[in-house]
Amino acid sequence: MNKPILQLRNIAYSYHSLSGEIPALSDISFDVKEGEFLAVVGPSGCGKTTLLSIIARLLMPEKGTIVFNNPSGALEYPKTGYMLQHDHLLEWRTVFRNVTLGLEITHQETPEKIAYAEKLLADYGLYRFKDKHPCELSGGMRQRAALIRTLVMEPDILLLDEPFSALDYQTRLSVSGDIGRIIRDTKKTAVLITHDLSEAISLSDRIIILSKRPAFVKKEVAIALSRADDTPLSSRSAPEFQEYFNLLWKELSHDVSNEK
Ligand code: ADP
Ligand code: MG
């Protein structure tokens, strides 16, 4: 078993505003193992983005501890890379200059890193488009470019906050398959937030189900699908798929029906 890259223990977080306190997370504990693809599902507004912000160290937890184990053994924090619903590509820069933006900002445009950016573009079908501008790409290609921009920085953990929710259903299926494959190929540890249960089942190794706000972990479900390959279609037609779906649906619909 790989050692955990992240260990969250009893994390709590509240927002404070003039109108009072908004408790977002009440008690979150789970581990993320190196190389694992973890999905987090939960009702809208339950604190999922807050949780990712804590993992990215953009917010400090109010209570609880979070232990980071750098896979390289170094004492510094593992590097996190973020991918959001909107790709935030800069329209005036070419695809190549978008994917190398992080390198440019951090003064790391070494020949090795540039070669790595080019390799990622070639491996994932974007090399031909490297001198085009984002507006000339399809929605799926834009998301791939956004992921490559993140991967170029060689993060240890990828944090994905509903990265496919702006895409139409058809595109979403194929892009989530592509992105899942890239993450597996590059052996990245990933934490994916999604409200799409099918997407969580077909992409992840394990799913954390959060309660409604303030969130706690209601259940963890390890996913094992018998499938020919890891395309979204094979995953969705695996014999175990429906059972997982029903299980997740039951857990989540309980919270949603209680909100009415
Ligand atoms: P999710 O991503 O699950 O939809 P969030 O983590 O974005 O949920 O938000 C959890 C709760 O915290 C929501 O009720 C939201 O309104 C509240 N919230 C989020 N950000 C802030 C903020 N900056 N100030 C006050 N309340 C916030
Ligand atoms: Mg959110």
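Start at 1 and go down the list; that is how both ligands and their atoms are numbered.
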Which option wins on minimum heavy-atom distance to [atom]: [options]?
atom: atom 3 (O) of ligand 1; options: Lys48, His16, Arg213; result: Lys48
atom: atom 13 (C) of ligand 1; options: Gly45, Gly42, Pro23, Ser44; result: Gly45
atom: atom 2 (O) of ligand 1; options: Thr49, Val40, Thr50; result: Thr49

**Request:** Please say whether the positively charged group of Lys113, taken as NZ for Lys or CZ for Arg, lies over the ring of Tyr116, i.e. under 6.0 angstrom from the six-membered ring centre and within 45 degrees of the axis.
**Result:**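 So Lys113 doesn't make the cation-pi contact.
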Self-check item: Aromatic plane relationship, His88 with His86 - under 30° parallel, 30 to 60° tilted, over 60° perpendicular
Solution: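 Taking His88 first and then His86, their aromatic rings stand perpendicular (interplane angle over 60°).
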With a 4.0 Å cut-off on N to O distance, would you call Glu34 and Lys187 a salt bridge?
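Salt bridge: no.
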Checklist entry - Below 4.0 angstrom, N of the basic side chain to O of the carboxylate: do Glu91 and Arg142 qualify? => result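 Arg142 and Glu91: salt-bridged.
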**Prompt:** Does Thr49 put an N, O or S atom under 2.8 Å from the Mg ion (ligand 2)?
**Reply:**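 Short answer: yes, at least one N, O or S atom is under the cut-off.
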- Message: Strictly less than 4.0 Å: does any protein heavy-atom distance to atom 16 (O) of ligand 1 fall in that range?
- Response: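 No, there is no protein heavy atom closer to it than 4.0 Å.
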Is there a protein heavy atom less than 4.0 Å away from atom 10 (C) of ligand 1?
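At least one protein heavy atom is under 4.0 Å away.
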Is Cys46 close to ligand 1, meaning an N/O of one under 3.5 Å from an N/O of the other?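 Such a contact does occur with ligand 1.
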Q: Tell me which protein heavy atom sits closest to atom 8 (O) of ligand 1, plus the residue, atom name and distance to 0.1 Å.
A: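 Atom 8 (O) of ligand 1 sits closest to the protein heavy atom Gly47 N, 3.2 Å.
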Checklist line | Distance from atom 19 (C) of ligand 1 to nearest protein heavy atom, with residue and atom | finding: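 Nearest neighbour among protein heavy atoms for atom 19 (C) of ligand 1, to 0.1 Å: Tyr15 CE1, 3.4 Å.
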- Query: Picking from Leu120, Asn98, Asp123, what satisfies side-chain contact (heavy atoms from CB on, under 4.5 Å) with Ile148?
  - Reply: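 Looking at Leu120, Asn98, Asp123, the match for Ile148 under the side-chain contact (heavy atoms from CB on, under 4.5 Å) is Leu120.
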Side chains of Tyr77 and Asp156 only: does a donor on one sit below 3.5 Å from an acceptor on the other?
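On atom types as modelled, these side chains do not qualify, holding no pair under 3.5 Å.
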Might you work through the side chain to side chain contact (heavy atoms under 4.5 Å, CB included) test for Leu252 and Val41, ending with a clear yes or no?
CA-CA 9 Å; Leu252 285 170; Val41 300; 4.1 Å; yes
Q: Taking only heavy atoms of Ile22 into account, list the atoms of ligand 1 that are under 4.0 Å away from them.
A: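 The atoms of ligand 1 under 4.0 Å from a heavy atom of Ile22 are 25 (C), 26 (N).
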